[in-house]
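Below, all heavy atoms of this structure are taken into account, side chains as well, without hydrogens, waters or symmetry copies.
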Amino acid sequence: MTLKDAGADALSALRSHLPDTCFADADPRYLEEPRGRYSGHAAALLRPRTVDHAATILRWANDHLIGVVPYGGGTGLVGGQTLGEGPLPVLLSLERMTTIRDVNTDDNVLVADAGAILADVHRAAEAEDRIFPLWLASEGTCRIGGNLATNAGGTQVIRYGNARDLCLGLEAVLADGSVWHGLKRLRKDNTGYDLRNLLIGSEGTLGIITAAALKLFARPRETATAFVAVSSPAHALQLLNRLRDALGEMISAFELIHRQGIDFLAETGLPARAPFAELPEWSVLIDTGGGEGSDLAGRLERALDQAIEDDVITDAMIAQNTAHQDAFWAVRETIPEANRRIGSISSHDISVPVSRIPEFIEKGAPLLARLAPDLRINAFGHMGDGNLHYNVFPAAGKSRADYEDQRAEVKRIVHDLTDALDGSISAEHGIGRLKVGDLERYGDPTKLAAMRAIKAALDPNGILNPGAVITQN
């Protein structure tokens with residue numbers, strides 16, 4: 001089907017079925033994505049307050065062949081929330097659907113509207129002495145529906161899993177306006193195809209998530225955080241394996257940080273600082289949590305002392321209080337802002353098997369140096385689950401515009417290496433519009449054919465987030 005512009009007549013027909021409060025102008029902040037790579041267009045911003053409003057919108061869009069671009073918190077980094085070409089769509093934002101519907105500590109479940117901001121979900125869980133362990137730098141802006149639609153990851157995947165692993169049930173509106181009432185809070189439900197996991201990670205191309213039943217966990221009674229200096233990623237991997245033996249499943253985060261990222265903090269004037277007098281080439285930020293009486297700090301200290309003695313690490317700082325923990329994490333969480341201020345030539349959210357991260361880093365820099373020897377690489381991220389943010393920057397004194405003609409080749413080099421090491425060119429940010437071509441280049445043909453068949457079955461008119469994730473034949 002060929003989509004049509006969302007013209008005045010079609011919008012007028014929709015207005016007769018919805019309150020005026022559901023309509024707003026699509027001002028510029030809804031039409032740009034954070035990295036400035038994409039600009040969108042839209043005829044209107046639609047802001048339903050209820051699932052029935054959302055169903056009315058999709059039924060209307062399907063009948064009139066009008067594209068619908070879902071908009072969460074606008075924090076996505078692959079252009080999934082911006083459509084700049086083709087027939088004029090409408091934006092569908094769930095920002096008015098923010099209710100925390102229920103918190104049940106017997107079931108350890110929190111039910112929230114999809115427009116609930118992640119930080120508000122955290123607060124609602126903490127009020128009941130629980131945690132919802134999806135931790136993202138954008139938690140004050142991103143919304144739970146978008147987190148699920150992109151299968152967001154974050155810093156604690158090593159222990160708790162991605163957004164997919166933290167969701168028990170969904171309420172969602174399909175392309176024809178029908179509502180799936182799937183908010184069951186069951187750990188076991190073997191009744192046919194798993195529609196929940198099909199919609200999670202589909203980036204709004206198969207349906208619009210309107211509410212979710214989320215898993216809660218006990219709040220750790222003891223925590224310990226350490227900033228550790230290592231000489232190489234290979235030594236970081238050795239440390240990870242040692243800590244797994246010493247601490248088991250109490251490791252919540254294991255973040256690899258290259259010196260370039262810390263240098264960027266100083267270069268851009270950001271206040272966060274690593275706790276070492278002499279900056280190491282590589283650092284690891286470790287977070288742990290356990291039950292009362294677990295002697296977590298003592299066990300971590302003993303494991304790190306042994307690692308120093310065995311020349312696995314060169315230095316370690318263990319946070320002595322909450323302020324120290326916050327200062328350690330400020331380094332990691334401020335690096336993306338420093339990256340944004342510098343301006344990357346090409347940013348890559350890749351994953352490889354954990355065992356192959358040292359190999360990836362060792363091979364990546366020489367390959368890029370052949371293209372341009374002055375490139376700066378900031379490799380950092382979630383080593384504990386194999387996910388690196390491998391971002392390539394201009395030389396000091398230059399801008400990314402100076403390398404625009406090399407940008408595609410930079411991405412190709414990084415993604416070819418990722419694929420050669422049996423990795424993924426999208427670990428946690430999704431495909432959006434930025435990586436549609438990459439998915440088709442590196443994706444398994446059988447999987448791509450199945451994805452197109454699923455899209456055609458659930459959205460035969462192609463109204464849902466047109467152009468995102470996958471092209472239709």
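- There is a side-chain donor-acceptor pair under 3.5 Å between Arg433 and Asn465.
- A donor and an acceptor atom, one from each side chain of Ser252 and Arg159, are located under 3.5 Å apart.
- Looking only at atom types and distance, the side chain of Thr105 has no donor-acceptor partner in the side chain of Glu128 under 3.5 Å away.
- Listed by first and then second residue, the ring-ring contact (aromatic ring centres under 6.0 Å, His included) pairs that reach into residues 155-213 are Tyr160-Phe217, sequence neighbours excluded.
- Ring geometry for His415 against His348 counts as perpendicular: the plane angle is over 60°, on a 0 to 90° scale with 30° as the lower cut.
- The main-chain N or O of Ser39 is never found under 3.5 Å from a side-chain atom of Glu32 such that the two would form a donor-acceptor pair.
- For Arg244, the side-chain contact (heavy atoms from CB on, under 4.5 Å) partners are Ile158, Leu240, Asn241, Ile251, not counting sequence neighbours.
- Of all the heavy atoms in Thr75 and Cys142, the pair that sits closest is OG1-CB, 3.6 Å.
- Remark: Asp129 CG is packed, more than 12 non-hydrogen atoms of other residues, nucleotides or ligands lying under 6.0 Å away.
- The pair Glu337-Arg340 counts as a salt bridge, with a side-chain nitrogen and a carboxylate oxygen less than 4.0 angstrom apart.
- Residues that satisfy the salt bridge (Lys or Arg N to Asp or Glu O under 4.0 Å) test with Asp459, not counting sequence neighbours, are Lys455.
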Enumerate donor-acceptor pairs with a distance under 3.5 Å from any side-chain N or O in residues 5-19 to protein atoms, sequence neighbours excluded.
{"from": "Asp5", "atom 1": "OD1", "to": "Leu88", "atom 2": "N", "distance (Å)": "2.6"}
{"from": "Ser16", "atom 1": "OG", "to": "Ala13", "atom 2": "O", "distance (Å)": "2.6"}

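- Side chains of Leu270 and Arg341 form a contact here, defined as non-hydrogen atoms less than 4.5 Å apart.
- The number of heavy-atom neighbours closer than 6.0 Å to CD of Glu440, taken from other residues, nucleotides and ligands shown, is above 12.
- Among all heavy-atom pairs drawn from Leu94 and Ile209, the shortest one is CD1-O, 3.0 Å.
- Aromatic ring centroids of His389 and Phe380 lie under 6.0 Å apart.
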Can you give each donor-acceptor pair under 3.5 Å made by side-chain atoms of residues 146-156, sequence neighbours left out, with the distance rounded to 0.1 Å?
{"from": "Thr150", "atom 1": "OG1", "to": "Gly146", "atom 2": "O", "distance (Å)": "2.8"}
{"from": "Thr150", "atom 1": "OG1", "to": "Asn147", "atom 2": "O", "distance (Å)": "3.4"}
{"from": "Asn151", "atom 1": "OD1", "to": "Arg164", "atom 2": "N", "distance (Å)": "2.9"}

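- The shortest non-hydrogen separation linking Leu214 to Val121 is CD1-CG1, 4.0 Å.
- Using a distance-only test at 3.5 Å, with no hydrogens or angles considered, a donor-acceptor pair links the side chain of Ser93 to the main chain of Glu95.
- Side-chain contact of Glu33 with Thr82: a donor-acceptor pair under 3.5 Å is absent, judged by distance alone.
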For this session: Starting from the C-alpha separation in whole Å, work towards a yes-or-no answer on salt bridge (charged side-chain N to carboxylate O under 4.0 Å, His left out) for Arg219 and Glu292.
Result: CA-CA 10 Å; Arg219 179 175 60 82; Glu292 188 173 353; over 6 Å; no
For this session: Go through Lys215 and Val109 one step at a time and tell me if the side chain to side chain contact (heavy atoms under 4.5 Å, CB included) criterion holds.
Result: CA-CA 5 Å; Lys215 293 181 184 177; Val109 172; over 6 Å; no
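- The OG atom of Ser344 sits 7.0 Å away from atom CG of Asn339, with the distance rounded to the nearest 0.5 Å.
- Judged as a side-chain hydrogen bond (donor to acceptor under 3.5 Å, both in side chains), and not counting sequence neighbours, Lys4 has no contacts.
- Closest heavy-atom contact between Asp349 and Lys435: O-NZ, 3.6 Å.
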For this session: Walk me through it: do Met383 and Val284 pass the test side chain to side chain contact (heavy atoms under 4.5 Å, CB included)?
Result: CA-CA 9 Å; Met383 184 173 184; Val284 176; 5.6 Å; no
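- Side chain of Arg196 to main chain of Gly169: no donor-acceptor pair is present (N/O by atom type, distance under 3.5 Å, no hydrogens or angles).
- Residues passing the side-chain hydrogen bond (donor to acceptor under 3.5 Å, both in side chains) test with Glu203: none are found, sequence neighbours excluded.
- Formation of a donor-acceptor pair under 3.5 Å by the Ser424 side chain with backbone atoms of Ser351 is not found in this model.
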Exercise. What's the verdict on side chain to side chain contact (heavy atoms under 4.5 Å, CB included) for Trp135 and His122, showing C-alpha distance, side-chain angles and the deciding distance?
Worked result: CA-CA 9 Å; Trp135 304 109; His122 286 161; 3.1 Å; yes
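- Among residue pairs with one or both ends in residues 72-111, none qualify as ring-ring contact (aromatic ring centres under 6.0 Å, His included); sequence neighbours excluded.
- Arg441 and Asp438 are not joined by a salt bridge, as no carboxylate oxygen comes within less than 4.0 angstrom of a charged side-chain nitrogen.
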For this session: Could you walk me through whether Leu237 and Val354 pass side chain to side chain contact (heavy atoms under 4.5 Å, CB included), step by step?
Result: CA-CA 8 Å; Leu237 180 59; Val354 174; 3.7 Å; yes
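- Heavy-atom contacts from other residues, nucleotides or ligands closer than 6.0 Å to CG of Asp25 number 12 or fewer.
- Although no hydrogens or angles enter the test, the distance criterion places no donor-acceptor pair under 3.5 Å between the side chain of Arg130 and the main chain of Leu216.
- Scored by the side-chain hydrogen bond (donor to acceptor under 3.5 Å, both in side chains) test, Ser178 finds Asp176 as partners (sequence neighbours excluded).
- Considering SG of Cys167 and CZ of Arg185, their distance stands at 12.5 Å, rounded to 0.5 Å.
- For Asp165 (side chain) and Asn162 (main-chain N/O), a donor-acceptor pair under 3.5 Å exists by modelled atom type.
- Residue pairs meeting the ring-ring contact (aromatic ring centres under 6.0 Å, His included) criterion with at least one member in residues 76-120: none, sequence neighbours excluded.
- Thr205 contributes a side-chain N or O that, together with a main-chain N or O of Ser202, makes up a donor-acceptor pair within less than 3.5 Å.
- Salt-bridge check for Arg143 with Asp113: failed, with every basic side-chain N at 4.0 Å or more from each acidic carboxylate O.
- Between Arg356 and Glu359 there is a salt bridge, since at least one side-chain N of the basic residue sits less than 4.0 Å from a carboxylate O of the acidic one.
- Residues forming a salt bridge (Lys or Arg N to Asp or Glu O under 4.0 Å) with Arg49 (at least two apart in sequence, or on another chain): none.
- The distance from the CE atom of Met451 to the CG atom of Leu198 is 9.5 Å, given to the nearest 0.5 Å.
- Of all heavy-atom pairs spanning Met250 and Ser294, the tightest one is SD-CB, 4.3 Å.
- With sequence neighbours excluded, the residues satisfying side-chain contact (heavy atoms from CB on, under 4.5 Å) with Leu368 are Leu375, Ile377, Tyr390, Val392, Val410, Ile413, Val414.
- In this structure, a donor-acceptor pair under 3.5 Å is present between the side chains of Glu428 and His382.
- For the pair His258 (side chain) and Gln260 (backbone), a donor-acceptor distance under 3.5 Å is present.
- Here OG1 of Thr225 is found 3.5 Å from CG of Asp287. Values are rounded to the nearest 0.5 Å.
- A donor-acceptor pair under 3.5 Å links the side-chain atoms of Asp444 to the main chain of Lys447, judged by distance alone.
- Closest non-hydrogen pair, Ala338 versus Leu265, comes out as CB-CD2, 3.9 Å.
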